[in-house]
Amino acid sequence: MDRYAVFGNPIGHSKSPFIHTQFAAALGEQLQYDAILAPLDGFADSWHSFVAAGGKGGNVTVPFKEAAYQLAELLSARAKQAGAVNTLYINSDGKLTGDNTDGIGLVADLTRLGINLNGITVLLLGAGGASRGAIGPLLDAGIKQLVLANRTVSKAQAIAAAFDQRVLACGYADIPAKSYQLVINATSAGLSGERPCIAAQHLQQCQLAYDMLYGAEPTAFMQWAKAAAVPQQADGLGMLLAQAAEAFYIWRGKRPDITPVLAVLKQQLSGN
Ligand code: ATR
């Protein structure tokens, strides 16, 4: 049976084995998908052992996305743009190839939620890896402008410099007054129950407040957006599933429907 795995540290709580097993069952694909705990300084060794044992492809999560980028012999354009790899496979010439499906997963999830990205202005909060990987796919999806705001403004400026004039960098206190139809939180503030400190006026035209994090409860950012009367809030569970679906498509040539798996995971998270 073809083997796949997700590599991370820690990895115990990864939902990827469940997700890919569900996708495979729905599409009648025969495969095994495991979670592999790689040592912090041993991603490459771990990957090579997996391939020697017949591994066909992998997902890569924290903290190995940059190590996977270094290890890959070939990189997709979107992996290069993100500076990180979340999907690995051996191509038809036997070369280890790195791709990144996080950003297209986000775009797919926004589309699923009914957002038409064409021509809109987006406010993206945070300037870490999650944010960097999202910008190229959002621009490719046709957004007009992206304001990248971060607590540490120099990090936003460094990322914006890799893109064209559609991307503007700023700090939270000097976000330009524009009509933002979509506000995305790509910070890790929610992990400690916090939200980026931006003024509520930036939410005035917002149709969807999207947090890349997810959990049993709406994040602090989502709760704040709800209180500010933003019509729709969403967490990143759909993005998690959509990036997995794109990885599955790369490996198997079939694109899974995320909807039934999303319903099961939501139920699991809420403890029902
Ligand atoms: P990731 O790879 O998940 O994006 P990261 O590279 O560690 O993670 O980046 C974390 C992001 O969350 C950064 O933008 C960070 O802001 P700084 O660059 O100013 O550190 C942001 N962040 C974390 N905690 C935050 C908080 N409490 N308020 C606002 N931003 C926060």
Task: Steps toward salt bridge (Lys or Arg N to Asp or Glu O under 4.0 Å) verdict (Asp164, Arg166) - done: CA-CA 5 Å; Asp164 59 32; Arg166 285 174 294 174; 2.9 Å; yes
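- With a 4.5 Å cut-off on side-chain heavy atoms, Ile184 and Leu106 count as touching.
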- [ ] Take Gln233 and Phe221 through the test side-chain contact (heavy atoms from CB on, under 4.5 Å) and record every step on the way to the result.
- [x] CA-CA 9 Å; Gln233 307 90 37; Phe221 172 73; over 6 Å; no
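- The CD atom of Gln204 sits 11.0 Å away from atom SG of Cys206, with the distance rounded to the nearest 0.5 Å.
- A 4.5 Å side-chain heavy-atom check between Leu124 and Val167 finds every atom pair outside the cut-off.
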Task: Stepwise side-chain contact (heavy atoms from CB on, under 4.5 Å) check, Lys56 with Tyr89 - done: CA-CA 6 Å; Lys56 290 269 188 272; Tyr89 62 100; over 6 Å; no
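- Linking ILVMFWY residues whenever their side-chain heavy atoms come closer than 4.5 Å, directly or via other members, leaves Ile250 and Leu74 in distinct clusters.
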- [ ] Start with the C-alpha gap between Lys65 and Asp102, add the side-chain angles, then the distance that decides, and say whether salt bridge (Lys or Arg N to Asp or Glu O under 4.0 Å) holds.
- [x] CA-CA 11 Å; Lys65 290 185 182 184; Asp102 288 328; 2.8 Å; yes
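- For the atom pair CZ of Arg151 and OG1 of Thr187, the computed distance is 8.0 Å after rounding to the nearest 0.5 Å.
- Within 6.0 Å of atom NZ in Lys95, 12 or fewer heavy atoms from other residues, nucleotides or ligands are found, so the atom counts as exposed in its surroundings.
- Aromatic rings from Phe50 and Phe7 are positioned such that their centres are separated by under 6.0 Å.
- Using modelled atom types, one finds no donor on one side chain facing an acceptor on the other under 3.5 Å when comparing Asn59 with Ser16.
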TODO: Walk me through it: do Tyr214 and Leu265 pass the test side-chain contact (heavy atoms from CB on, under 4.5 Å)?
DONE: CA-CA 11 Å; Tyr214 64 86; Leu265 280 178; over 6 Å; no
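- Expressed to the nearest 0.5 Å, how far CG of Leu96 lies from CD1 of Ile90 amounts to 5.0 Å.
- Proximity of Leu110 to Leu138: side-chain heavy atoms (C-beta onward) are separated by under 4.5 Å at one or more points.
- Residues Lys80 and Tyr69 form a side-chain contact, since some pair of their non-hydrogen atoms from C-beta on lies under 4.5 Å apart.
- Between Pro196 and Leu125, the shortest heavy-atom distance links the atoms CG-CD1, 4.0 Å.
- With hydrogens and angles disregarded, a donor-acceptor distance shorter than 3.5 Å links the side chain of Gln181 to the backbone of Thr121.
- The shortest side-chain heavy-atom distance between Val85 and Asn100 does not fall under the 4.5 Å cut-off.
- For Glu217, the CD atom sits in a loose shell: 12 or fewer heavy atoms of surrounding residues, nucleotides or ligands are nearer than 6.0 Å.
- The cationic group of Arg255 lies under 6.0 Å from the six-membered ring centre of Tyr249 and within 45° of the ring axis, placing it in a cation-pi geometry.
- For the atom pair CG (Leu240) and CG (Leu237), the distance works out to 6.0 Å, reported to the nearest 0.5 Å.
- Side-chain contact annotation: Thr101 with Asn86, donor-acceptor N/O pair under 3.5 Å present.
- Transitive grouping of hydrophobic side chains (ILVMFWY, heavy atoms separated by less than 4.5 Å) keeps Leu113 and Tyr180 in distinct clusters.
- Judged purely by atom type and a 3.5 angstrom limit, Thr87 has no side-chain atom pairing as donor or acceptor with the backbone of Ala247.
- We find the CE-OG distance between Met212 and Ser188 to be 12.0 Å, quoted to the nearest 0.5 Å.
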- [ ] Go through the steps for Lys178 and Leu168 under the test side-chain contact (heavy atoms from CB on, under 4.5 Å), then give the verdict.
- [x] CA-CA 12 Å; Lys178 288 180 186 286; Leu168 299 177; 4.1 Å; yes
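- A heavy-atom distance below 4.5 Å is found between the side chains of Phe23 and Ile258.
- No side-chain heavy atom of Leu31 sits under 4.5 Å from any side-chain heavy atom of Trp251.
- Here the side chains of Asn185 and Leu213 are not in contact, with every heavy-atom distance at 4.5 Å or above.
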